[in-house]
Amino acid sequence: MPGKTDNRPAVPGPEAQELAARLSSNSVEALPEGGLAAQLDRDGPLRIKLGIDPTAPDIHLGHTVVLNKLAQFQAEGHQVVLIIGDYTARVGDPSGRSEQRPVLTPEQIDANAATFQDQAFRILDRSQTEVRFNSEWLRMEAEDLFSLMAKATIARLLERDDFQKRIEAGRPISALELLYPLLQGYDSVAIDADVELGGTDQKFNLLFGRDIQAAYGRPQQTVMTMPILPGIDGTRRMSKSLGNYIGVTDPPEEMFGKLMRVPDANLTEYWQLLLGADPPAGDSPIQAKRELGRRLVARFHDEAAADLAEQHFDRVFVRHEAPEEIEEFEIAGDGDVHLPAALAEMFGISRSEGRRVLAQGGVKRDGEVLPAEPLDYPVPELDGAVIQVGKRRFRRLRAGA
RNA sequence: GGGGGAGUGCCCGAGUGGUUAAAGGGGACCGGCUGUAAACCGGUUGGCUCCGCCUACGUAGGUUCGAAUCCUACCUCCCCCA
């Protein structure tokens, strides 16, 4: 059958090779070797696939590594196809049972998908993006599913090393997990993917998609894996559930502040993966880190926000002054304020924890450390006071009417 | 279908009748040093009406002066044999 693969020239032209190299920048692998150049050598836009899991809607900087790559393809005129894995999410992956992952309702999945798209289009060009839900084609007849399942063997599916490790550790692997690569691969068949992107952890699934496409007599996609961005702890991958993430919708001061906490050792990595450049030569780590913060805040907010965020940082963390704007907390009109209770309410901690930070000298009133005793203060004495817990939690007290 | 093993605090993981709110590690929080970096050091880490009380070791009962530890049933998971 005539297809894109059939009239492939033996050697891609130099232009295609050059473009392929450019598009592969930052990637860990682009497979098979020379595949992308060959695809680019043919005319017409390529279909670039990215599958996303709609169980967690918020996009963080880790996701943007892949999204930026998609945007780069778009800039060259290619078509991005975003696949929202609503069907697989709806089935509910039982493998996470130890993580007590709740099965999401269709409404939640739709809401998450909407949020995700909203955030993704801060990076991607909407006009060059096709959004598809995989329930569209995965809601298939059992007969069709069986025929899909017949295209792979268990041995092949078990090859992936994370399964191997789990088997050795005696941890469970659900049948659905085993099937996952098949379903993901079928997505590629359904949308005629030319290139599929993903993190390095997706390598197996991405390559498996090629086999499935071939089994259905389709041209095979090439795959490109991107590095995994470490979180602000500098060790584990950035992820919302690990709490080490920077969300693209984080407020400017928070985004800047979190970036400043990234370990120096990861600075070059952050520059390369997020800005596509090396830190300016000759800059000290702190200078390079500030510049990183300014640029990223400017990207996801704007220049003015970046300036303000840096000023806020200098004020609160370098000079240890109270921030310009502090949320108010209303205290009851008369009588005493029981500090542990007030702290609990103000900062969403328990009263016991309030007592603890107080005892540890972690609570300040207008910059002065409060002693462990007393616990109660007359309301008028605290009216207007700025209460601070630790380095970055502030509230201004206001006596109620 | 048969046999064996496991469920502990945010997570991992000790503990097999009392001095256990439960070792140790991780994480988190507070403090020190700083560039809110990392590393490092010290402290804290169930709740509350906090020098005491309450609730906790899968769930529900039971034995005992006393149980996370023993018994019974149930739930969930893992492994092996078929």
Side-chain angles (χ1 to χ4, degrees), chain A residues 93-102 163 165-175 177 230-246 250-271 279 283-294 297 309-323 335-365 367-376 387-394:
Chain A
D93 180 355
S95 69
R97 75 179 84 72
S98 57
E99 312 295 315
Q100 59 182 354
R101 175 189 291 175
F163 280 170
K165 282 181 194 143
R166 280 209 264 169
I167 288 170
E168 278 166 37
R171 306 194 72 94
I173 297 167
S174 76
E177 282 182 280
I232 58 177
D233 57 2
T235 50
R236 297 170 298 173
R237 61 180 298 154
M238 183 173 285
S239 113
K240 189 173 188 184
S241 57
L242 291 176
N244 62 0
Y245 74 105
I246 302 173
D250 277 355
E253 314 82 58
E254 206 176 320
M255 189 178 278
F256 192 89
K258 282 180 176 175
L259 283 165
M260 294 301 285
R261 282 197 276 161
V262 171
D264 285 4
N266 301 97
L267 193 52
T268 302
E269 203 173 5
Y270 266 59
W271 265 84
D283 269 15
S284 69
I286 187 62
Q287 287 173 315
K289 207 180 282 185
R290 280 176 180 264
E291 182 61 20
L292 174 77
R294 279 192 293 267
V297 173
E310 188 170 20
Q311 284 168 28
H312 176 270
F313 174 81
D314 282 330
R315 180 188 179 104
V316 177
F317 299 111
V318 176
R319 298 198 301 273
H320 301 290
E321 293 165 14
D336 284 350
V337 174
H338 187 57
L339 219 44
L343 291 172
E345 241 191 287
M346 280 187 268
F347 301 111
I349 57 181
S350 71
R351 293 181 178 203
S352 296
E353 196 174 347
R355 284 169 189 274
R356 269 183 239 130
V357 284
L358 203 54
Q360 293 184 107
V363 182
K364 288 180 186 158
R365 173 179 52 169
E368 299 290 317
V369 175
L370 282 175
E373 299 279 339
L375 295 178
D376 300 286
I387 296 292
Q388 175 182 3
V389 170
K391 293 193 178 75
R392 53 195 125 115
R393 287 179 284 184
F394 296 88

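All chains are named by letter (A, B, ...) in the order of the sequence lines, taking the proteins before the strands, and each is independently numbered beginning at 1. Excluded from the calculations below are hydrogen atoms, water molecules and symmetry mates; all remaining heavy atoms, backbone and side chain alike, are included.
No side-chain heavy atom of A:Leu267 sits under 4.5 Å from any side-chain heavy atom of A:Val262. Taking 4.5 Å as the limit, every side-chain heavy atom of A:Glu310 sits out of range of all side-chain heavy atoms of A:Val297. Taking 4.5 Å as the limit, every side-chain heavy atom of A:Thr235 sits out of range of all side-chain heavy atoms of A:Pro230.
Distance, A:Leu259 CG to B:U36 P: 14 Å, rounded to whole Å. The interatomic distance linking A:Met255 (CE) with B:U36 (C1') rounds to 18 Å, in whole Å. In this structure, CG of A:Asn244 is placed 17 Å from P of B:G26, rounded to the nearest angstrom. In this structure, A:Glu353 atom CD and B:U44 atom C1' are separated by 9 Å, rounded to whole Å. Computed from coordinates, the A:Gln388 CD to B:C30 C1' distance equals 12 Å when rounded to whole Å. Taking atom CD of A:Glu310 as the reference point, atom P of B:U36 lies 11 Å away to the nearest angstrom. A:Lys289 places its NZ atom 10 Å from the C1' atom of B:U36, with the value rounded to the nearest Å. Separating the CE atom of A:Met346 from the C1' atom of B:C29 is a distance of 17 Å, rounded to the nearest angstrom.
When each of B:U36, B:C29, B:C48 is scored by its nearest atom to the side-chain atoms of A:Val357, the top-ranked nucleotide is B:C29. Taking only side-chain atoms of A:Arg356, from C-beta outward, the nucleotide of B:C48, B:U36, B:U45 with the closest atom is B:U45. Minimum atom distance to the side chain of A:Val318 is reached by B:U36, of the listed B:U36, B:G47, B:G35. Closest approach to the A:Arg393 side chain among B:G47, B:C29, B:U36 is made by B:C29 (side chain taken as heavy atoms from C-beta onward). Closest to the A:Arg261 side chain, of the nucleotides B:C29, B:G35, B:U36, is B:U36. Closest to the side chain of A:Pro263, from the set B:A38, B:U44, B:C29, is B:A38. Nearest to the side chain of A:Phe317, among B:U36, B:G35, B:C30, sits B:U36. You'll find that the side chain of A:Arg355 is closest to B:U49, out of B:C29, B:U49, B:G43.
Spacing between B:C71 and B:U63 at atom P, rounded to whole Å, works out to 15 Å. Taking atom P in both B:G62 and B:G9, one finds a spacing of 24 Å when rounded to whole Å. Nucleotides B:C77 and B:G25, compared at atom C1', are 24 Å apart to the nearest Å. Spacing between B:G43 and B:C48 at atom C1', rounded to whole Å, works out to 23 Å. When the C1' atom is compared between B:G13 and B:G27, the two are found 14 Å apart, to the nearest whole Å. Distance check on atom C1': B:G42 versus B:C33 gives 12 Å, rounded to whole Å. Spacing of C1' atoms, B:G15 relative to B:C70, comes out at 16 Å, to the nearest Å. When the C1' atom is used for both B:A68 and B:A6, the distance is 15 Å, rounded to whole Å.
A:Arg294 CZ to A:Phe313 CZ: the interatomic distance, rounded to the nearest 0.5 Å, is 11.5 Å.
Toward the 5' end of RNA chain B, the nearer of the two residues A:Asp264 and A:His338, judged by each one's closest nucleotide, is A:Asp264. When the nearest nucleotides of RNA chain B are assigned to A:Arg392 and A:Ile349 by heavy-atom distance, the more 5′-ward of the two goes with A:Arg392.
In this structure a side-chain-to-backbone donor-acceptor pair under 3.5 Å is present from A:Gln287 to A:Ser284. A donor-acceptor pair is defined here as one N or O able to donate and one able to accept, closer than 3.5 Å; no such pair exists between the side chain of A:Asp314 and the backbone of A:Arg319.
For B:A28, the paired nucleotide is B:U44, the pair qualifying as Watson-Crick or G-U wobble because both relevant distances are below 3.5 Å. The partner of B:G17 cannot be assigned: no Watson-Crick or G-U wobble pair with both contacts below 3.5 Å exists in any strand. Pairing partner, B:C77: B:G5, with both Watson-Crick or wobble hydrogen-bond distances short of 3.5 Å. Remark: B:G35 base-pairs with no nucleotide in the shown strands. Criterion, Watson-Crick or G-U wobble with two distances under 3.5 Å.
Electrostatic pairing of A:Asp283 and A:Lys289 does not count as a salt bridge here, judged by no charged N lying under 4.0 Å from a carboxylate O. The pair A:Arg365-A:Glu368 does not meet the salt-bridge criterion, since no charged nitrogen lies less than 4.0 angstrom from a carboxylate oxygen.
Counting non-hydrogen atoms under 4.0 angstrom, A:Ser352 reaches a base of the nucleic acid. Across all strands shown, A:Val262 has heavy atoms under 4.0 Å from sugar-phosphate atoms exclusively, and none from any base. Residue contacts shown for A:Gly361 are limited to sugar-phosphate atoms, with no base heavy atom under 4.0 Å away. The residue A:Arg290 sits apart from the nucleic acid: no heavy atom pair falls under 4.0 Å.
For B:G43, its base sits under 3.5 Å from the side chain of A:Gln360 at one donor and acceptor pair at least.
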